[in-house]
Colleague: 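Please read through the structure below; I'll follow up with questions.
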Amino acid sequence: MKQIEAVVANINDLNDGEMRQVAVGETEILLTRLDGKFHAVGAHCSHYKAPLAEGVLSGHHVVCPWHNAYFDVTTGDQLEPPGLDSLACYQVRIEGENVIVSVPEETTGLRSPAMAQFNPDADKRTFVILGAGAAGVHAAETLRVAGYQGRIVMITQDDKLPYDRTKLSKDYFIGETSSEEMPLRSPDFYKEHAIEVLLNKRVEQVQTTAKAIAFTNGDSLNYDALLVATGGKPLQLDIPGADLQNILTLRSFDDTDRILTLSKQKGQAVVIGSSFIGMETAAGLSQHGLQVTVVSPDSVPFKKTLGEEIGKIFQQVHEENGVSFKLGRKAVKFEGSDKVEAVILDNGDRLKADIVIVGIGVQPATDFLEGIDLHPKDGSVVVDEYLRAADGIYAAGDIARYPDWRTSESLRVEHWRVAAQQGRIAAHNMAGKAVKFRGLPLFWTMQFKFPLRYIGHAESWDEIIVDGDLQKQEFIAFYVKNNQVLAVATSHKDTETAAISELMRLNQMLTVEELRRGTVDLIQRQPVNNKQ
């Protein structure tokens, strides 16, 4: 392929441990200098195309500023999700004091990771993945990356190829992403890498002793290793009128499309629950011109997750955009003939409703598992640090209850990135490696113009140390328990968030005393090196 090249820098422009975005023609490049050598890779994250130069450089990898994917800047390999592709890697040479980079005339800046070829003669095993969400998709591809050459079968009850579920209540919901942009991979990709994707398949039972899967249509499938990544089932309200039409949950592509179709009629919408799905849906419906009321038993949205002050900011942002709240209240009845017409609250209030969205959480989809002890609290699958539930059986994503390497607590986290991380780790272990899960939970939300990133996990805290201005929505909030930072929430602090993610991963987070003094620069703190 024809190459084009250009002088992109002087050798003295960058010190060791520095990076910057440069260009060769129309191609944007991330240029780094490490141990006296220059390296050039694609400039944008494979997830949502974030500019990696606005992230942080730590050792040989860069941390994406938006959702904290990690890439090796010497090879372009993706080391941590989200996103599936690696970065393109370009040739660099030095002439005198000039740094010259060569790139193909046509390049996207990305590349698929190197994968093993399917070879049933070399490996006669069958690995099955139940679920095609973040965990399942990443596991299927990682099996090939890890060198597995046997049969891979990914099974989903959905009628569509794997897609980005995070966009259902975000970009797709408000029209910033089309349905054509939602699939994570094309049919040709799965065919090329011999990953069988079985659509519209419902599991009746997994017989762990026989290593067999029975389907509701009478089919069956035997496996040698199994990853259960079936995610959660939306909880429903068991109250009178719950079977009326136009009472919906938001979990799948079809759910979102039904809601969007109904929203074209405008009118009144009631959202039951102030979960992240509920609040994102409320924001989306409001932006589609509906009059929205959120009903929740909580006194403040997200109080249990983010604390009262930040929760009130979310409520304020919604109210400024026309959303109403009925907090400290529960829905006790739906009224209507065929379709819902009103929601009755526990204090007797009657809310007119043309559409109702129930967003009160999910329950792990695990009732088909036979021979595995499920957690008594929620029916989740208890796994060890290798994400193993039993011999030849692994679990990942919303259904997995795993030991937290930082606190030794038993956690179950319903985050897209955690599911992707666990899918990758489970796949490495299925392929014969021994890799412990040491991922950090991270989630993100955007409600109207208010973005929030959250790293770590804190079910309770002794104090919240805030750096910045909450009202201006430019802040970093540190959740501290037993003199340890367990979680951090940020808004409009992307580079700092990337630095925090790396410091927490390395277990080198700032001390509580340093945070209280407010004298340490998160970005400049070693071993993290800032962009230039």
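Just so it is clear, the model here is predicted, and its values are computed rather than measured.
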Colleague: Please report whether the ring centroid of H47 lies less than 6.0 Å from that of W444.
Modeller: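 Yes, they do, as the ring centres are separated by less than 6.0 Å.
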Colleague: Please check this pair: side chain of T293 against backbone of F325, looking for a donor-acceptor N/O pair closer than 3.5 Å.
Modeller: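 Looks like no, no N/O pair under 3.5 Å.
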Colleague: Donor-acceptor pair, distance only, cut-off 3.5 Å: does the side chain of D404 make one with the backbone of S408?
Modeller: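 Checking the backbone N and O of S408 against the side chain of D404, no donor-acceptor pair under 3.5 Å is found.
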Colleague: Given V203 and F215, is the side-chain contact (heavy atoms from CB on, under 4.5 Å) satisfied, shown in steps?
Modeller: CA-CA 4 Å; V203 175; F215 297 97; 4.0 Å; yes
Colleague: Given 3.5 Å as the limit, does a donor-acceptor pair link the side chain of E141 with the main chain of H138, or not?
Modeller: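 No, the answer is negative, given that no donor and acceptor are paired below the 3.5 Å cut-off.
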Colleague: For A498 and C64, work out which heavy atoms get closest and say how close.
Modeller: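 Minimum heavy-atom separation between A498 and C64: CB-O, 3.8 Å.
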Colleague: Under 3.5 Å, is there a donor-acceptor pair between the side chain of S263 and the main chain of L260?
Modeller: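 Yes.
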Colleague: Output a table of donor-acceptor pairs, distance under 3.5 Å, between side-chain atoms of residues 418-431 and any protein atom two or more places apart or on a different chain; print 'none' if there are none.
Modeller:
{"residue": "Q421", "atom": "NE2", "partner": "E80", "partner atom": "OE1", "Å": "3.1"}
{"residue": "Q422", "atom": "OE1", "partner": "G397", "partner atom": "N", "Å": "2.8"}
{"residue": "R424", "atom": "NH2", "partner": "Q78", "partner atom": "O", "Å": "3.4"}
{"residue": "R424", "atom": "NH2", "partner": "L79", "partner atom": "O", "Å": "3.2"}
{"residue": "N429", "atom": "OD1", "partner": "V435", "partner atom": "N", "Å": "2.6"}
{"residue": "N429", "atom": "ND2", "partner": "Y386", "partner atom": "O", "Å": "3.0"}
{"residue": "N429", "atom": "ND2", "partner": "I425", "partner atom": "O", "Å": "3.2"}
{"residue": "N429", "atom": "ND2", "partner": "V435", "partner atom": "O", "Å": "2.9"}

Colleague: Tell me, with the steps shown, if K326 and D346 meet salt bridge (charged side-chain N to carboxylate O under 4.0 Å, His left out).
Modeller: CA-CA 11 Å; K326 294 287 186 177; D346 54 359; over 6 Å; no
Colleague: P441 and G439: which non-hydrogen atoms are nearest, and at how many Å?
Modeller: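 For P441 versus G439, the nearest heavy atoms are CD-O, 3.9 Å.
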Colleague: Keeping K266 on the side-chain end and H288 on the backbone end, is there a donor-acceptor pair under 3.5 Å?
Modeller: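 Yes, K266 side chain to H288 backbone: donor-acceptor pair under 3.5 Å.
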Colleague: What pairs of donor and acceptor atoms, side-chain ones from residues 484-494 against any protein atom, are under 3.5 angstrom apart with sequence neighbours left out?
Modeller:
{"residue": "T490", "atom": "OG1", "partner": "T497", "partner atom": "OG1", "Å": "2.7"}
{"residue": "S491", "atom": "OG", "partner": "P451", "partner atom": "O", "Å": "2.8"}
{"residue": "S491", "atom": "OG", "partner": "Q473", "partner atom": "O", "Å": "2.9"}
{"residue": "H492", "atom": "ND1", "partner": "Q473", "partner atom": "O", "Å": "2.9"}

Colleague: Evaluate side-chain contact (heavy atoms from CB on, under 4.5 Å) for R144 paired with I152, printing each intermediate quantity in order.
Modeller: CA-CA 9 Å; R144 291 284 184 242; I152 300 174; 3.5 Å; yes
Colleague: Closer than 3.5 angstrom, by distance alone: can the side chain of N246 be matched with the main-chain N or O of V340 as a donor-acceptor pair?
Modeller: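 Absent.
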Colleague: Run the salt bridge (charged side-chain N to carboxylate O under 4.0 Å, His left out) test against K211 and tell me which residues pass, sequence neighbours left out.
Modeller: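 Salt bridge (charged side-chain N to carboxylate O under 4.0 Å, His left out) list for K211, sorted by chain: empty.
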Colleague: Quick one: pull up CD1 in I360 and OG in S275 and give me the separation to the nearest 0.5 Å.
Modeller: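 Atom-to-atom, I360:CD1 and S275:OG are 9.0 Å apart.
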Colleague: Can you check salt bridge (charged side-chain N to carboxylate O under 4.0 Å, His left out) on E414 and R412, steps first, answer last?
Modeller: CA-CA 7 Å; E414 299 168 3; R412 185 178 73 84; 3.0 Å; yes
Colleague: Which pairs of donor and acceptor atoms, one on a side chain in residues 300-315, lie under 3.5 Å apart (sequence neighbours left out)?
Modeller:
{"residue": "E308", "atom": "OE2", "partner": "K312", "partner atom": "NZ", "Å": "3.1"}
{"residue": "Q315", "atom": "NE2", "partner": "E319", "partner atom": "OE2", "Å": "3.1"}

Colleague: side-chain contact (heavy atoms from CB on, under 4.5 Å) with S337: which residues, sequence neighbours excluded?
Modeller: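 Result, side-chain contact (heavy atoms from CB on, under 4.5 Å) vs S337: E341.
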Colleague: We want to know whether E502 and Y70 form a side-chain donor-acceptor pair, criterion being a heavy-atom distance below 3.5 angstrom.
Modeller: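 There is such a pair (donor and acceptor under 3.5 Å, judged by atom type) between the side chains of E502 and Y70.
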Colleague: Can you tell me which residue among H457, H415, M504, R417 is in a side-chain contact (heavy atoms from CB on, under 4.5 Å) with L442?
Modeller: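 So, applying the side-chain contact (heavy atoms from CB on, under 4.5 Å) to L442 and each of H457, H415, M504, R417, only R417 qualifies.
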Colleague: Are D349 and R329 close enough, and set up right, to give a salt bridge (charged side-chain N to carboxylate O under 4.0 Å, His left out), and what steps lead you there?
Modeller: CA-CA 10 Å; D349 285 355; R329 301 267 67 96; over 6 Å; no
Colleague: Check whether any side-chain N or O of R401 sits under 3.5 Å from a backbone N or O of L374 as a donor-acceptor pair, and report yes or no.
Modeller: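 The answer is no, because no donor-acceptor pair under 3.5 Å joins these two groups.
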Colleague: Sequence neighbours excluded and cut-off under 3.5 Å, please list the side-chain donor-acceptor pairs for residues 161-171, or say none.
Modeller:
{"residue": "Y163", "atom": "OH", "partner": "D158", "partner atom": "OD2", "Å": "2.7"}
{"residue": "Y163", "atom": "OH", "partner": "R165", "partner atom": "NH1", "Å": "3.4"}
{"residue": "Y163", "atom": "OH", "partner": "F253", "partner atom": "N", "Å": "3.0"}
{"residue": "D164", "atom": "OD1", "partner": "T166", "partner atom": "N", "Å": "3.1"}
{"residue": "D164", "atom": "OD1", "partner": "T166", "partner atom": "OG1", "Å": "2.5"}
{"residue": "D164", "atom": "OD2", "partner": "Y48", "partner atom": "OH", "Å": "2.8"}
{"residue": "R165", "atom": "NH1", "partner": "R251", "partner atom": "O", "Å": "3.2"}
{"residue": "T166", "atom": "OG1", "partner": "Y48", "partner atom": "OH", "Å": "3.0"}
{"residue": "S169", "atom": "OG", "partner": "E280", "partner atom": "OE1", "Å": "2.5"}
{"residue": "K170", "atom": "NZ", "partner": "E280", "partner atom": "OE1", "Å": "3.4"}
{"residue": "K170", "atom": "NZ", "partner": "E280", "partner atom": "OE2", "Å": "3.2"}

Colleague: When you look at R453 and W66, which way does the side-chain contact (heavy atoms from CB on, under 4.5 Å) test go after all the steps?
Modeller: CA-CA 8 Å; R453 311 271 189 269; W66 290 0; 4.2 Å; yes
